[in-house]
Amino acid sequence: MSLDRYAVFGHPVAHSLSPRIHSWFAEQTGERIDYRAFEAPLDDFAGTLRDFFASGGRGANVTVPFKGEASMLADERDARVERSGAANTLRRDADGRIRAFNTDGIGLLRDLVHNLGVDLAGRSVVLLGAGGAAAGVIEPLLEAGPACLIIGNRTPRRAQELARRFADLGPVAAEALADLPAADVIINATAASLDGGLPELAPGVVKSQTFAYDMVYAARPTPFLARCRELGAARTADGLGMLVEQAAEAFLIWRGVRPDTGGVLTRLRASVAEV
Ligand code: ATR
């Protein structure tokens, strides 16, 4: 019997760890799936995705820069996708319809709260970035009950627009990068780390008890995490745990079983460090 087919689509996608993570999940749960990475052309993500599902594909993960398009192309969107405009998980159901989900936010929360023991309730949380990556995590962050969630972005207008879009869900506001308040938790959701860049950071934002998190992962501290350390942050973490947790949520959506993430994260961390 042929295996059910899943894939991650991105551009670039060659270095994606998702095929490895999902093959380990499949091994662990006994689910028989085939999961690959496909680089979609920047101007024809829609066609690539259509071909994949037309040829029997059951589900897809979607990464940079296609999360917005994935949301628009789906036949149905869950409430989080509807509001954020970004989807990272698609599922083709028996009725042939493509349904869109976003597991990034729940993945981030699982990593912060469950794996890293970071308490967000009553805390001052700063989110850097106002693109799809940031939009996808605002709702679950607000559900964790922070005292405030302040969005800072290089282009302030985008941060203001995002804050307005989520304002009915909790205490969220936008601030200019230079005016960000001191943060208990600061999260980098900009694309800056992807090309070795760094979002501008006013020194007062980071203090010794600040927990700094970069949604990007790397073998070495990202420039953002290195800068936060320089500014005195005692604790930092990259996004490898979020990657594994969002993948586990996608696996649950597709297969109805949530893999155990602890062992997979340890194994993945070791393999990333070897590169
Ligand atoms: P994504 O879906 O990954 O969030 P995006 O919608 O292109 O991608 O958004 C990228 C985010 O990273 C934006 O917040 C962008 O800031 P602007 O809105 O000002 O463009 C931010 N970003 C990218 N490179 C950056 C850099 N070198 N410094 C600071 N912010 C950067």
Side-chain angles (χ1 to χ4, degrees), residues 8-13 15-18 39-40 42-43 45 49 60-74 77 80-90 100-105 107-108 125-141 149-166 172-180 183 186-203 205-206 212-218 221-228 230-231 238-240 242-243 246 250:
V8 57
F9 294 91
H11 189 117
V13 83
H15 297 292
S16 170
L17 298 174
S18 293
E39 184 160 292
L42 288 174
D43 60 357
F45 169 64
L49 195 68
N61 281 137
V62 181
T63 185
V64 178
F66 300 125
K67 290 181 186 180
E69 250 184 282
S71 154
M72 288 187 301
L73 290 168
R77 289 157 276 278
R80 283 195 177 162
V81 173
E82 201 69 68
R83 191 187 278 260
S84 68
N88 76 334
T89 302
L90 300 172
F101 307 84
N102 193 326
T103 65
D104 284 335
L108 171 66
V125 179
V126 167
L127 180 66
L128 297 172
V137 301
I138 294 173
E139 185 168 346
L141 280 173
L149 175 63
I150 310 294
I151 308 171
N153 192 47
R154 184 175 60 182
T155 310
R157 179 185 46 77
R158 293 184 79 193
Q160 287 153 6
E161 194 279 317
L162 261 194
R164 261 197 306 276
R165 206 188 316 161
F166 288 87
V172 56
E175 262 317 337
L177 285 176
D179 297 331
L180 288 171
I186 183 165
I187 300 167
N188 183 24
T190 72
S193 293
L194 289 176
D195 52 19
L198 187 65
E200 182 194 330
L201 264 188
V205 183
V206 175
Y213 191 93
D214 199 330
M215 282 168 48
V216 166
Y217 58 84
T222 64
F224 168 74
L225 295 180
R227 178 79 182 123
C228 288
E230 270 170 28
L231 293 173
D238 72 6
L240 197 70
M242 173 179 172
L243 180 75
Q246 65 75 29

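Both counts, for ligands and for their atoms, begin at 1 and track the order of listing.
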Distance col, row Asn153:CG vs Leu162:CG, nearest 0.5 angstrom, shows 8.0 Å
Does Arg165 come within less than 4.0 Å of Glu161, counting only side-chain N to carboxylate O?
yes
Kindly tell me which protein residues have any non-hydrogen atom under 4.0 angstrom away from an atom of ligand 1, grouped by chain and ordered by number?
Gly129, Ala130, Gly131, Gly132, Ala133, Asn153, Arg154, Thr155, Arg158, Thr190, Ala191, Ala192, Leu198, Pro199
Residues forming a salt bridge (charged side-chain N to carboxylate O under 4.0 Å, His left out) with Glu39, sequence neighbours excluded:
none
Would you tell me whether Asp104 and Asn88 have side-chain atoms, one donor and one acceptor, within less than 3.5 Å of each other?
yes
Would a distance-only check, ignoring hydrogens and angles, find a side-chain to backbone donor-acceptor pair under 3.5 Å from Arg77 to Phe101?
no
Classify the ring geometry between Phe45 and Phe66 as parallel (under 30°), tilted (30 to 60°) or perpendicular (over 60°).
parallel
